[in-house]
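The figures here come from the full heavy-atom set of this structure, side chains too, leaving out hydrogens, waters and symmetry mates.
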Amino acid sequence: MCMFLSPDFTRSLSITTPDQMIEKAKGETAYLPCKFTLSPEDQGPLDIEWLLSPADNQKVDQVIILYSGDKIYDDYYQDLKGRVHFTSNDLKSGDASINVTNLQLSDIGTYQCKVKKAPGVGNKKIQLTVLVKPSGTRCYVDGSEEIGSDFKLKCEPKEGSLPLQYQWQKLSNSQKLPASLLAEMTSPVISVKNATTEYSGTYSCTVTNRVGSDQCLLRLDVVPPSNRAGTIAGAVVGILLALVLIGFIVFCCRKKRREEKYEKEVHHDIREDVPPPKSRTSTARSYIGSNHSSLGSMSPSNMEGYSKTQYNQVPSEDFERTPQSPTLPPAKFKYAYKTDGITVV
């Protein structure tokens with residue numbers, strides 16, 4: 001009997017995990033697998049090393065975690081410090097996989113797993129892509145929601161990695177949607193032409209990418225056109241009335257100021273510039289005084305007749321209205337004439 005013995009081929013260390021690409025959302029945890037097998041010839045110390053080649057080609061490769069001499073070193077790369085860990089507690093069992101927690105956009109790049117146990121050496125690469133889920137999505141109407149008008153329904157996420165897919169849905173009376181509107185239900189913008197009341201209702205918009213989705217709601221009410229002419233006329237009338245009121249107030253204020261200024265000027269002129277008017281008493285006294293002077297220069301022969309005539313010419317009204325001065329004594333007349341050589345007073 002012939003026996004065929006197959007040769008005993010010894011295999012060196014090998015990594016069984018294939019190269020792959022992984023996509024994860026920002027803030028999530030990425031599991032990067034790296035499993036290996038050893039051969040009996042691999043007798044050296046076990047060393048495991050993970051490196052990151054950043055997406056920015058100008059940055060050099062960075063060691064992010066290392067196992068050597070039965071110890072773990074995970075503080076090589078400051079950007080991943082505290083966020084990268086081995087998944088197995090026994091790395092010698094053949095599992096060198098890691099977890100990267102709280103993913104950030106800066107974590108995008110190529111990760112390489114290197115396993116060495118002399119004389120065996122193996123390595124595998126994993127491409128990690130960090131995407132941003134759609135979030136903060138806003139639905140709104142761009143235009144006037146009136147019958148016969150044109151407007152747009154817009155769906156805009158605040159953030160989200162491309163490519164993004166959109167899906168509109170009318171949650172009420174969807175069977176009444178025009179065919180032209182149905183054709184745009186996968187677009188971020190729906191254009192409505194010559195709107196009618198059948199467009200009214202509640203709409204939802206769902207935004208999706210490879211790592212997540214977000215949704216917003218919109219209430220659309222198509223109403224009859226407003227009376228724009230009446231509104232404009234009312235606004236114009238209101239503005240005119242306001243201007244008239246302001247003008248009236250300004251006029252009253254200026255008029256009041258002019259009156260106050262005039263009163264002050266008149267009062268000042270009377271007090272300082274204008275002498276007091278002459279009274280009738282002064283006039284009468286002047287009149288009497290002049291007569292006294294005339295009488296004093298006349299002779300006794302004609303004094304009697306003249307004095308009667310002159311006093312009768314003074315208006316009685318003046319004497320009645322003139323108050324008698326307490327300091328003025330009544331006038332006394334002295335007459336001097338000569339008779340037989342004797343002067344008689």
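- Within the structure, no pair that satisfies the side-chain hydrogen bond (donor to acceptor under 3.5 Å, both in side chains) test touches residues 240-259, not counting sequence neighbours.
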Starting from the C-alpha separation in whole Å, work towards a yes-or-no answer on salt bridge (charged side-chain N to carboxylate O under 4.0 Å, His left out) for K26 and E159. CA-CA 11 Å; K26 179 183 176 182; E159 60 179 3; 5.3 Å; no

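- Between C205 and C216, a gap of 2.5 Å or greater is found separating the two SG atoms.
- Counting heavy atoms from C-beta on, the side chains of C113 and L32 never come closer than 4.5 Å.
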Pair T186-W168, side-chain contact (heavy atoms from CB on, under 4.5 Å): steps then yes or no: CA-CA 6 Å; T186 58; W168 286 89; over 6 Å; no

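- At a threshold of 4.5 Å between non-hydrogen side-chain atoms, the residues T129 and I22 do not count as touching.
- In this structure, L13 CG and E41 CD are separated by 12.0 Å, a value rounded to the nearest 0.5 Å.
- Residues V192 and A195 approach most closely at CG1-CB, 3.9 Å, considering heavy atoms.
- Across Y77 and Q62, no two heavy atoms sit closer than the pair CE1-CG, 3.7 Å.
- Residues S93 and D95 have side chains that never bring a donor and an acceptor to within less than 3.5 angstrom of each other.
- Both Y199 and L182 are members of a single hydrophobic cluster when ILVMFWY side chains are connected at heavy-atom separations under 4.5 Å.
- Clustering ILVMFWY residues whenever any of their side-chain heavy atoms sit less than 4.5 angstrom apart, transitively, puts V84 in a cluster other than the one holding Y76.
- Taken together through direct or relayed side-chain contacts under 4.5 Å among Ile, Leu, Val, Met, Phe, Trp and Tyr, L66 and Y111 form parts of separate hydrophobic clusters.
- Judged as a side-chain hydrogen bond (donor to acceptor under 3.5 Å, both in side chains), and not counting sequence neighbours, D74 has no contacts.
- Looking only at distances, a side-chain donor or acceptor of S200 sits under 3.5 Å from a matching main-chain atom of T197.
- When side chains are defined from C-beta on, I65 does not count as touching Y73, because their heavy atoms never get closer than 4.5 Å.
- Defined by atom type and a distance below 3.5 Å, a donor-acceptor pair is present between the side-chain atoms of S97 and Y31.
- A distance of 3.5 Å separates OG1 of T137 from CG of D214, quoted to the nearest 0.5 Å.
- Annotation: side-chain hydrogen bond (donor to acceptor under 3.5 Å, both in side chains) contacts of Q169 (sequence neighbours excluded): none.
- Partners of R219 under the side-chain hydrogen bond (donor to acceptor under 3.5 Å, both in side chains) rule, at least two apart in sequence or in another chain, are T202, D221.
- Pairing each heavy atom of P163 with each of R210, the nearest pair is CD-NH1, 3.4 Å.
- Checked against the 2.5 Å cut-off, the SG-SG distance between C155 and C139 does not fall under it.
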Do D107 and K24 pass the salt bridge (charged side-chain N to carboxylate O under 4.0 Å, His left out) test, and can you show the C-alpha distance, the side-chain angles, and the key distance before you say yes or no? CA-CA 11 Å; D107 298 336; K24 285 292 181 178; over 6 Å; no

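- Heavy-atom minimum distance, L164 versus P134: CD2-CG, 3.9 Å.
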Report the C-alpha separation of T206 and Q215 in whole Å, then their side-chain angles, then the decisive distance to 0.1 Å, and conclude whether the side chain to side chain donor-acceptor pair (under 3.5 Å) test is met. CA-CA 4 Å; T206 303; Q215 186 181 67; 3.2 Å; yes

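- Atom NZ of K193 and atom CG of L181 lie 12.5 Å apart (nearest 0.5 Å).
- Shown are L80, V63, I126, V100; of these, the side-chain contact (heavy atoms from CB on, under 4.5 Å) with W50 is made only by I126.
- Nearest heavy-atom pair, M185 versus K170, reported as atom, atom and distance to 0.1 Å: CE-N, 4.0 Å.
- Using a 4.5 Å heavy-atom threshold, the side chains of S53 and D61 count as touching.
- Linking Ile, Leu, Val, Met, Phe, Trp and Tyr whenever their side-chain heavy atoms come within less than 4.5 Å leaves L51 and V130 in two separate clusters.
- Taking Ile, Leu, Val, Met, Phe, Trp and Tyr as hydrophobic and joining them when side-chain heavy atoms fall under 4.5 Å apart, one finds L131 in a cluster with V211.
- Residue pairs that meet the side-chain hydrogen bond (donor to acceptor under 3.5 Å, both in side chains) test with at least one member in residues 115-125, sequence neighbours left out, are Q112-N123.
- Within the 4.5 Å cutoff, no side-chain heavy atoms of T87 are placed close to those of P33.
- Atom CD of E23 sits about 12.5 Å away from atom CG of L103, to the nearest 0.5 Å.
- Scanning both residues, P119 and D42, for their nearest heavy atoms gives CD-OD1, 3.7 Å.
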Would I108 and L128 satisfy side-chain contact (heavy atoms from CB on, under 4.5 Å), going step by step from the backbone distance to the final call? CA-CA 6 Å; I108 297 175; L128 175 63; over 6 Å; no

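- Ion pairing between D47 and K114 fails under the 4.0 Å rule for side-chain N and carboxylate O.
- Put simply, Y140 and V223 are part of two different groups of oily side chains (I, L, V, M, F, W, Y) that touch within less than 4.5 Å, one to the next.
- Under 3.5 Å, the side chains of N99 and T29 contain no donor-acceptor pair of N or O atoms.
- A heavy-atom distance below 4.5 Å is not found between the side chains of I15 and K35.
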Would Y203 and L217 count as a side-chain contact (heavy atoms from CB on, under 4.5 Å) here? Give the steps. CA-CA 6 Å; Y203 294 78; L217 296 177; over 6 Å; no

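- Distance CG/D79 to OG/S106: 5.5 Å, rounded to 0.5 Å.
- Side chains of L91 and F36 form no contact here, defined as non-hydrogen atoms less than 4.5 Å apart.
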Check the pair N209, S161 against side chain to side chain donor-acceptor pair (under 3.5 Å), reporting the backbone distance first and the verdict last. CA-CA 7 Å; N209 64 7; S161 298; 4.7 Å; no

Just do the side-chain contact (heavy atoms from CB on, under 4.5 Å) check on L245 and L241 with the steps written out, would you? CA-CA 6 Å; L245 179 60; L241 290 176; over 6 Å; no

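- Looking at heavy atoms from C-beta onward, T196 lies out of side-chain contact with V222 at the 4.5 angstrom threshold.
- Distance check: I64 CD1 to K81 NZ gives 15.0 Å after rounding to the nearest 0.5 Å.
- For S213 (side chain) and V207 (main-chain N/O), no donor-acceptor pair under 3.5 Å exists by modelled atom type.
- Remark: side-chain polar atoms of Q104 are paired, donor with acceptor, to backbone N or O of N102 under 3.5 angstrom.
- Heavy atoms from other residues, nucleotides or ligands lying under 6.0 Å from CG of D142 number more than 12.
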